[in-house]
Amino acid sequence: MRLRFAPSPTGALHIGSVRTTIYNYLFARQRDGALILRIEDTDQDRLVAGAIDSIYDGLHWLGITWNEGPQEGGPHAPYVQSERLPLYQRHAQELIDKGAAYYCFCSKERLAALRAEQEARHELTRYDRHCRNIPPDEAAERAKTEPHVIRLKVPDEGTLAIEDLVHGHIEWQASTIEDQVILKSDGFPTYHLAVVIDDHEMGITHIMRGEEWMASVPKHLLIYRAFGWDVPPMAHVPSVLGPDGKKLSKRHGSTAVSQFRDDGYLPEALINYLALIGWSPGTEDEIFSMDDLIRVWKIEQVQSAGGKWDKDRLDYFNGVWIRKLSVDELVRRLEPFVPAEWDREVLRKIAPHIQERMKTLKDAQDQIRFLFTDDIGYDRSALIPKKSNAMTTTEALARARAVLSPLEPFIATVIEPPLVSLAAELNWSKKDLAGTIRMAITGRQVGPPLYQSLEVLGKEKSLRRIEAAQDMLAGVRA
RNA sequence: GGCCCGGUCGCCUAGUGGUCCAGGGCGCUUCCCUUUCAAGGAAGAGGUCAGGGGUUCGAAUCCCCUCCGGGCUACCA
């Protein structure tokens, strides 16, 4: 069993192609098969520098591994199509020799004009086979000096069909297919020629790819047939759609895996969420690690309809996976998301208290900033509860400071009782007292639990900030 | 326009002729818990299974038509 995924280095690793890659990975791993990474860079004009690195980075981050590839090597190296040109050219020649393909000398201008005419007459826009009947000898001779492409010689009649693993029986009439260019004038193959040759040469046993490739299947079938090769089983998996129902793309916002990493998403969450677009276990379980997926995922359960991308649902899964992390692991994952100068010991102490309050790792920073800087600026009015005023609040803060200052050890369980009693004495609700103190020490209305926050902040700083709040209310400080 | 693929609550989906006056999750509403926010618990709103014809004792599930959506229609992948 050999599966492949074949991205084009035309940009950052895309979230949609990741979903398809995950399926390939699962299929290969659950059957002890091999996974091959092949770079399809036959379009010279669309190459983007650094794209291959970004593909590698993204895949590594997700924990997807493979057996053969450009950097890994393997029995069918090279795994980059631009390094396999002679192979395609040789095979294109073979197709010509077999009469399954022909040289075409039409200029791009003629093709454009032809197209314009057809459009004007509301006819089908396709190649008119102008060069199809040039005698082979003459064509071969002209090919030595004239610029040319090689086109597939599509038969006039016949039916082409596959039994798709996802969609079942699909068929096409040969008459509806164009004489597709398979070798471009720059000597590079088009996708159609290159995939068929590589999938065959590399011993790919199952082709799983996005459904946008379905329309080109009949062309591939013709090429397989011309070479006399067996056609491997194919599975065309549904697309990941944007909110507007169209195939997810940059238009819908960033689709780069690296963006999700930078935004504080866990690879576990992304994989879990993505796997569920287009696949369902048929049970009510929905939290799956990659290993779980390898166990339960089945190609038979893959949907035939596309599914829309839903950020809220991704956020939910991210929260689930963040909560599953051990504290040590959470701290480790938080590392890139907090300033280097922040004390890691303090981070570790507060981590358990913000763990269930994060949608993304990025959320942590704002919630715990007060522990690492004294610059927590807030408005004096924010200190005063609705039913209170500056004077009573100042009083409350003074009393709180008095109550807190002798406490030893300064830990949450010791801090709570006296503050609860104080609230009662002041005839304040616990909520109001806690809210005022929270604002005084954190500068925010929401955050980790107050008593734990005081503990982690430490007695000295806590008292100092409460005093500062008092002064602010009393007008001592602006 | 042509070819192909789709169409179950706002979204992801379960469902493969009866146990479905359609189940779960996200989101939303309400309540509980509660020092905030979350998390957690409970309840609820939300679907004429795109529409119309068949087949059948019986259809979301099978067939046909229509409508709608998407993909492809490049010397792009």
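As the structure is a computational prediction, the values presented were derived from the model and not from experiment. Reminder, nothing fancy here: chain letters follow the sequence lines and each chain counts from 1.
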**OP:** Scan A:P147 against the nucleic acid and name what it touches under 4.0 Å (heavy atoms): base, sugar-phosphate only, or nothing.
**Re:** nothing
Original post:
Where is the tightest heavy-atom contact between A:W428 and A:T436, given as atom of each residue plus distance?
Top reply: CZ3-OG1, 3.6 Å
Original post:
If you look at every strand shown and take non-hydrogen atoms under 4.0 Å, does A:P448 touch a base, only sugar-phosphate, or nothing?
Top reply: base
Subject >> Base of B:C75 paired with side chain of A:S185 (donor-acceptor, under 3.5 Å) >> reply: yes
Considering only nitrogen or oxygen atoms on both sides, find all protein atoms under 3.5 Å from nucleotides 65-71 of chain B and state each distance.
from, atom 1, to, atom 2, distance (Å)
B:G70, OP1, A:K246, NZ, 2.4

Original post:
How long is the span from the CD1 atom in A:I150 to the CD1 atom in A:I96, to the nearest 0.5 Å?
Top reply: 4.0 Å
Original post:
To the nearest angstrom, how far is A:L114 atom CG from B:U73 atom C1'?
Top reply: 14 Å
Original post:
Nearest-Å distance, NE2 (A:H14) to C1' (B:C76)?
Top reply: 15 Å
Original post:
Between atom CD in A:Q173 and atom P in B:G2, what is the gap in whole Å?
Top reply: 16 Å
Original post:
For A:T125, which contact category applies under a 4.0 Å heavy-atom criterion: base, sugar-phosphate, or nothing?
Top reply: sugar-phosphate
Original post:
Are A:D432 and A:K386 within salt-bridge range, i.e. N to O under 4.0 Å?
Top reply: no
**OP:** May I ask you to verify if any side-chain N or O of A:T283 is less than 4.0 angstrom from the OP1 or OP2 atom of B:A14?
**Re:** no
**OP:** Would you jot down, in residue-number order, the residues of residues 78-95 of chain A having a non-hydrogen atom under 4.0 Å from RNA chain B?
**Re:** none
Original post:
Counting only heavy atoms not in A:Q445, do more than 12 sit closer than 6.0 Å to its CD atom?
Top reply: no
**OP:** Check each residue of residues 151-160 of chain A for a non-hydrogen atom within less than 4.0 Å of any atom in RNA chain B, then write out the ones that pass by number, or none.
**Re:** A:R151
**OP:** Measure the spacing between CD1 of A:I441 and CZ of A:R465 and express it to the nearest 0.5 Å.
**Re:** 7.5 Å
Original post:
Has A:K184 got a side-chain N or O lying under 4.0 Å from the OP1 or OP2 atom of B:A77?
Top reply: yes
Original post:
Taking atom P of B:C3 as reference, at what distance in whole Å does atom NE2 of A:H167 sit?
Top reply: 19 Å
Original post:
Is the Lys NZ or Arg CZ of A:R151 less than 6.0 Å from the centre of A:Y127's six-membered ring, within 45° of the axis?
Top reply: yes
**OP:** Describe the nucleic acid contact of A:I277 in one word from base, sugar-phosphate, nothing, applying a heavy-atom distance below 4.0 Å.
**Re:** sugar-phosphate
**OP:** Select base, sugar-phosphate, or nothing to describe what A:Y273 touches, counting heavy atoms under 4.0 Å on all strands.
**Re:** nothing
Original post:
Do the non-hydrogen side-chain atoms of A:P7 and A:E40 ever get within less than 4.5 Å of each other?
Top reply: no
Subject >> Phosphate OP1/OP2 of B:U35 contacted by A:K430 side-chain N/O (<4.0 Å) >> reply: yes
**OP:** Would you classify A:T190 as touching base, sugar-phosphate or nothing, given that sugar-phosphate means primed atoms plus P, OP1 and OP2, and contacts are heavy atoms under 4.0 Å?
**Re:** sugar-phosphate
**OP:** Could you state the atom-to-atom distance from CG of A:D310 to P of B:C28 in whole Å?
**Re:** 11 Å
Original post:
Hey, can you pull the residues of residues 432-441 of chain A with a non-hydrogen atom under 4.0 angstrom from RNA chain B?
Top reply: A:A434, A:R438
**OP:** From the options A:Y273, A:W297, A:F317, A:W279, select the one residue that forms a ring-ring contact (aromatic ring centres under 6.0 Å, His included) with A:F288.
**Re:** A:W279
Original post:
Can a side chain N or O of A:R115 be found less than 4.0 Å away from OP1 or OP2 on B:A74?
Top reply: yes
Original post:
When all nucleic acid strands are considered with a 4.0 Å heavy-atom cut-off, which category describes A:G319: base, sugar-phosphate, or nothing?
Top reply: nothing
Enumerate all atom pairs, one protein N or O and one N or O from nucleotides 39-49 of chain B, separated by less than 3.5 Å.
from, atom 1, to, atom 2, distance (Å)
B:A39, O3', A:R323, NH1, 3.4

Original post:
Are A:H236 and A:H167 close enough that their ring centres sit under 6.0 Å apart?
Top reply: no
Subject >> Close side-chain approach of A:D363 to A:R357, heavy-atom, < 4.5 Å >> reply: no
Original post:
Say you pick atom C1' in B:C20 and the same atom in B:C3; how far apart are they, in whole Å?
Top reply: 37 Å
Original post:
B:A74 P sits how many Å from A:I177 CD1, rounded?
Top reply: 14 Å
**OP:** Specify the separation, in whole Å, of atom NE2 of A:H220 and atom P of B:C72.
**Re:** 13 Å
Original post:
If the C1' atom of B:G52 is compared with that of B:C11, how far apart are they to the nearest Å?
Top reply: 28 Å
Under 3.5 Å, sequence neighbours excluded: what are the donor-acceptor pairs made by side chains of residues 305-315 of chain A?
from, atom 1, to, atom 2, distance (Å)
A:D310, OD1, A:D312, N, 3.2
A:K311, NZ, A:Y265, OH, 3.1
A:D315, OD1, A:Y265, OH, 2.5

Original post:
Roughly how far apart, to the nearest Å, are B:G7 and B:A14 at atom P?
Top reply: 10 Å
Original post:
Would A:R444 count as a cation-pi partner of A:Y378, with NZ or CZ less than 6.0 Å from the six-membered ring centre and within 45° of the ring normal?
Top reply: no
Original post:
Between B:C12, B:C76, B:A74, which nucleotide gets closest to the side-chain atoms of A:L276?
Top reply: B:C12
Subject >> A:K308 side-chain N/O to B:C11 phosphate OP1/OP2 under 4.0 Å >> reply: yes
Original post:
So do the side chains of A:Y88 and A:D198 get within less than 4.5 Å of each other, counting heavy atoms only?
Top reply: yes
Original post:
Rounding to a whole Å, what distance do you find between A:L314:CG and B:U13:P?
Top reply: 14 Å
Original post:
Does the distance from a Lys or Arg side-chain N to an Asp or Glu carboxylate O, for A:K153 and A:D179, drop under 4.0 Å?
Top reply: no
